[in-house]
Undergrad: 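Below is the structure I would like to discuss, written out as structure tokens.
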Number of protein chains: 2
Amino acid sequence: MLQRSIGNLAKATGVKVPTIRFYEQIGLLPAPQRTLSDRRVYGEAAVGRLAFIKHARQLGFPVEAIRDLLRLSDSPEQPCETANALAAEQLSAVRAKIAQLQVLERELQQMVDAACIGEVANCRVIEALHDHTLCAGEHQTERRPTYAGL
Amino acid sequence: MLQRSIGNLAKATGVKVPTIRFYEQIGLLPAPQRTLSDRRVYGEAAVGRLAFIKHARQLGFPVEAIRDLLRLSDSPEQPCETANALAAEQLSAVRAKIAQLQVLERELQQMVDAACIGEVANCRVIEALHDHTLCAGEHQTERRPTYAGL
DNA sequence: CCTTGATCCTCTAGCGGCTAGAGCATGTAG
DNA sequence: CTACATGCTCTAGCCGCTAGAGGATCAAGG
């Protein structure tokens with residue numbers, strides 16, 4: 001029976017040791033068994049679970065969503081609407097963020113294109129920052145459900 | 001001579017009161033004069049400076065970059081290479097982030113497209129999260145200079 | 001004049017998702 | 001037996017705010 005130390009698990013999954021402890025602390029990973037000298041000992045299941053978490057994090061799912069997804073994954077008789085909904089929600093969060101960033105991209109592109117050679121007194125970049133009306137697109141920063149962290 | 005309270009400045013710029021105090025604390029805004037009862041009193045210059053900061057933040061410039069840009073803006077005889085460089089750096093940070101998110105978008109799209117109707121046991125979403133090899137694109141999460149916060 | 005409610009003050013703590021470091025106890029290889 | 005790696009816990013820091021406690025002060029209406 002494969003038994004892994006935390007460092008070994010870290011290597012196997014590419015998740016850093018302190019992060020693994022952090023996931024345990026916030027309840028994403030169950031507390032593993034310990035040796036007599038209090039070291040964590042993981043079985044193979046932990047590798048799968050941690051890989052799942054890692055993958056979901058790479059996709060930008062927030063921890064709370066991952067908690068839900070893990071619960072679902074643990075009880076396979078449940079209907080999977082929730083999982084679909086979470087994925088759809090994450091997709092639209094990612095799309096929203098892309099759209100937002102593309103607005104920024106356009107404005108920054110303009111600033112960079114107009115970049116001056118000379119003194120700040122005539123600098124287009126500084127000027128553009130001073131004068132918001134020079135912006136084509138309004139870049140409203142929607143604050144609340146940031147969601148797709150990354 | 002226009003004198004504004006912090007609340008008035010907040011309304012004039014759309015920056016929240018606590019945020020204004022925060023900007024003062026971290027040295028983006030100079031400490032203003034005070035009334036006898038210790039309330040902050042701002043002149044018109046503060047409106048401009050705060051609008052500048054707000055605009056730069058909306059564009060995703062990190063606070064440290066804004067500090068530099070403000071310094072430049074304050075001393076107009078300086079060459080503006082630094083400003084151009086900061087803008088260019090921010091542009092490429094934004095582009096990198098867009099590219100990254102587009103990879104996620106594609107994978108999430110696939111997950112959502114394949115969404116099942118039924119039980120979690122057969123759920124494509126959960127399955128995809130379990131099995132990283134189902135991903136087309138590798139979504140490496142570049143960690144370090146996140147930069148374009150948003 | 002007095003009350004009410006808005007605004008202001010400072011200070012501390014919290015968000016998300018880790019990361020870094022101190023200070024110590026074990027484990028492992030030569 | 002001696003290094004050095006790895007493990008442990010605990011606390012604090014990152015970014016850019018945001019929220020709340022607990023209090024002072026202001027402006028308007030009765």
Side-chain angles (χ1 to χ4, degrees), chain A residues 3-29 31-42 46 50 53-68 70 90 93 97 141-150, chain B residues 3-29 31-42 50 53-67 70 90 93 97 141-150:
Chain A
Q3 301 282 60
R4 292 174 186 275
S5 70
I6 194 170
N8 190 300
L9 178 61
K11 255 170 220 148
T13 57
V15 177
K16 290 181 192 155
V17 168
T19 305
I20 295 174
R21 284 194 281 246
F22 171 74
Y23 286 157
E24 178 184 332
Q25 192 184 303
I26 64 173
L28 283 193
L29 282 179
Q33 287 191 297
R34 301 280 187 131
T35 66
L36 289 178
S37 59
D38 228 30
R39 297 182 170 213
R40 290 168 178 84
V41 179
Y42 297 92
L50 190 47
I53 296 170
K54 185 191 180 190
H55 192 189
R57 283 296 302 134
Q58 287 178 326
L59 286 169
F61 285 93
V63 164
E64 281 317 299
I66 297 177
R67 213 184 286 281
D68 293 346
L70 282 168
Q90 176 61 10
K97 183 146 287 191
T141 322
E142 49 126 348
R143 283 291 171 199
R144 260 297 142 230
T146 308
Y147 208 68
L150 278 192
Chain B
Q3 301 282 62
R4 292 174 186 276
S5 70
I6 194 170
N8 191 299
L9 178 61
K11 255 169 219 148
T13 57
V15 176
K16 289 181 193 154
V17 168
T19 305
I20 296 174
R21 285 194 279 247
F22 172 74
Y23 286 159
E24 178 183 331
Q25 191 184 305
I26 64 172
L28 283 193
L29 281 178
Q33 286 192 297
R34 300 282 187 130
T35 67
L36 290 178
S37 60
D38 228 30
R39 295 178 172 217
R40 290 167 177 84
V41 180
Y42 297 92
L50 191 47
I53 295 169
K54 185 192 180 191
H55 193 190
R57 283 297 302 136
Q58 286 178 327
L59 287 168
F61 285 94
V63 164
E64 282 317 300
I66 298 177
R67 213 185 288 280
L70 282 168
Q90 177 61 11
K97 182 145 288 192
T141 321
E142 49 125 348
R143 282 291 171 199
R144 260 298 144 227
T146 310
Y147 208 69
L150 277 193

Undergrad: Distance check: side-chain N/O of B:Lys16 vs OP1/OP2 of D:dT18, anything under 4.0 Å?
TA: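 So the side-chain polar atoms of B:Lys16 do come within 4.0 Å of the phosphate oxygens OP1 or OP2 of D:dT18, strictly under.
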Undergrad: Can you tell me if B:Arg21 touches the phosphate of C:dT10, counting only side-chain N or O atoms and a distance under 4.0 Å to OP1 or OP2?
TA: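 Looking at the OP1 and OP2 atoms of C:dT10, neither is under 4.0 Å from any side-chain N or O of B:Arg21.
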Undergrad: Between A:Leu70 and A:Leu28, what is the shortest heavy-atom contact and its length?
TA: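 Minimum heavy-atom separation between A:Leu70 and A:Leu28: CD1-O, 3.8 Å.
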Undergrad: Starting at atom CZ of A:Arg4, determine the distance to atom C1' of C:dG27, rounded to an integer number of angstrom.
TA: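 My rounded result for the distance is 19 Å.
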Undergrad: OP1 or OP2 of C:dG17 versus the side-chain N and O atoms of A:Tyr23: is any pair under 4.0 Å?
TA: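 For C:dG17, neither OP1 nor OP2 has a side-chain N or O of A:Tyr23 closer than 4.0 Å.
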Undergrad: Can you measure A:Phe61 atom CZ to C:dG16 atom P for me and round it to whole angstrom units?
TA: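 One finds 17 Å between P of C:dG16 and CZ of A:Phe61, rounded.
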Undergrad: Which atoms form the tightest heavy-atom contact between A:Arg67 and A:Ile26, and what is the distance?
TA: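 Reported closest heavy-atom pair: NH1-O, 2.7 Å.
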Undergrad: In whole angstrom, what separates B:Lys11's NZ from C:dT7's C1'?
TA: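 Computing the B:Lys11:NZ to C:dT7:C1' distance gives 9 Å.
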Undergrad: Report the C-alpha distance between A:Lys54 and A:Arg57 in whole Å, list the side-chain angles of each, state the deciding distance to 0.1 Å, and finish with yes or no for side chain to side chain contact (heavy atoms under 4.5 Å, CB included).
TA: CA-CA 5 Å; A:Lys54 185 191 180 190; A:Arg57 283 296 302 134; 5.8 Å; no
Undergrad: Would A:Tyr42 and A:Leu50 satisfy side chain to side chain contact (heavy atoms under 4.5 Å, CB included), going step by step from the backbone distance to the final call?
TA: CA-CA 11 Å; A:Tyr42 297 92; A:Leu50 190 47; over 6 Å; no
Undergrad: Using a strict heavy-atom distance below 4.0 Å, which residues from residues 31-41 of chain A are in contact with DNA chain D?
TA: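 Output list: A:Arg34, A:Asp38, A:Arg39, A:Arg40.
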Undergrad: Suppose we screen for salt bridge (charged side-chain N to carboxylate O under 4.0 Å, His left out). Which residues come up paired with B:Arg39, at least two apart in sequence or across chains?
TA: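 Here no residue qualifies.
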Undergrad: Calculate the interatomic distance between B:Gln58 atom CD and D:dC17 atom C1'; express it in whole Å.
TA: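 Atom CD in B:Gln58 sits about 15 Å away from atom C1' in D:dC17.
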Undergrad: B:Arg21: what forms a side-chain hydrogen bond (donor to acceptor under 3.5 Å, both in side chains) with it, not counting sequence neighbours?
TA: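 Result, side-chain hydrogen bond (donor to acceptor under 3.5 Å, both in side chains) vs B:Arg21: none returned.
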Undergrad: To the nearest angstrom, how far is A:Leu29 atom CG from C:dC18 atom P?
TA: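 About 12 Å, once rounded to whole Å.
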Undergrad: To the side chain of B:Arg57, which of C:dG17, D:dC17, D:dT18 is closest?
TA: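 Closest of the options to the side chain of B:Arg57: D:dC17.
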Undergrad: Provide, to the nearest angstrom, the distance between the CZ atom belonging to B:Phe22 and the P atom belonging to D:dC14.
TA: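 After rounding, the gap between these two atoms is 11 Å.
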Undergrad: To the nearest Å, give me how far apart CD (A:Glu24) and P (C:dG17) are.
TA: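 So the CD-P distance, A:Glu24 to C:dG17, works out to 18 Å.
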Undergrad: Quick check: closest heavy atoms across A:Pro32 and A:Val41, and the distance to 0.1 Å?
TA: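 That closest heavy-atom pairing would be CB-O, 3.4 Å.
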Undergrad: Using heavy-atom distances to pick each residue's nearest nucleotide on DNA chain D, tell me which of A:Gln25 and A:Tyr42 is more 5'.
TA: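 The residue whose closest nucleotide sits nearer the 5' end is A:Tyr42.
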Undergrad: Does C:dT7 have OP1 or OP2 under 4.0 Å away from a side-chain N or O of B:Ser5?
TA: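 The answer is no; no side-chain N or O of B:Ser5 sits under 4.0 Å from OP1 or OP2.
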Undergrad: Find the distance B:Asn8:CG to D:dC26:P and express it as a whole number of Å.
TA: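 Computing the B:Asn8:CG to D:dC26:P distance gives 17 Å.
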Undergrad: Have a look at B:Ile6 and say if it touches a base, only the backbone sugar-phosphate, or nothing, with a 4.0 Å heavy-atom cut-off.
TA: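 Answer is sugar-phosphate: B:Ile6 comes under 4.0 Å of backbone atoms only.
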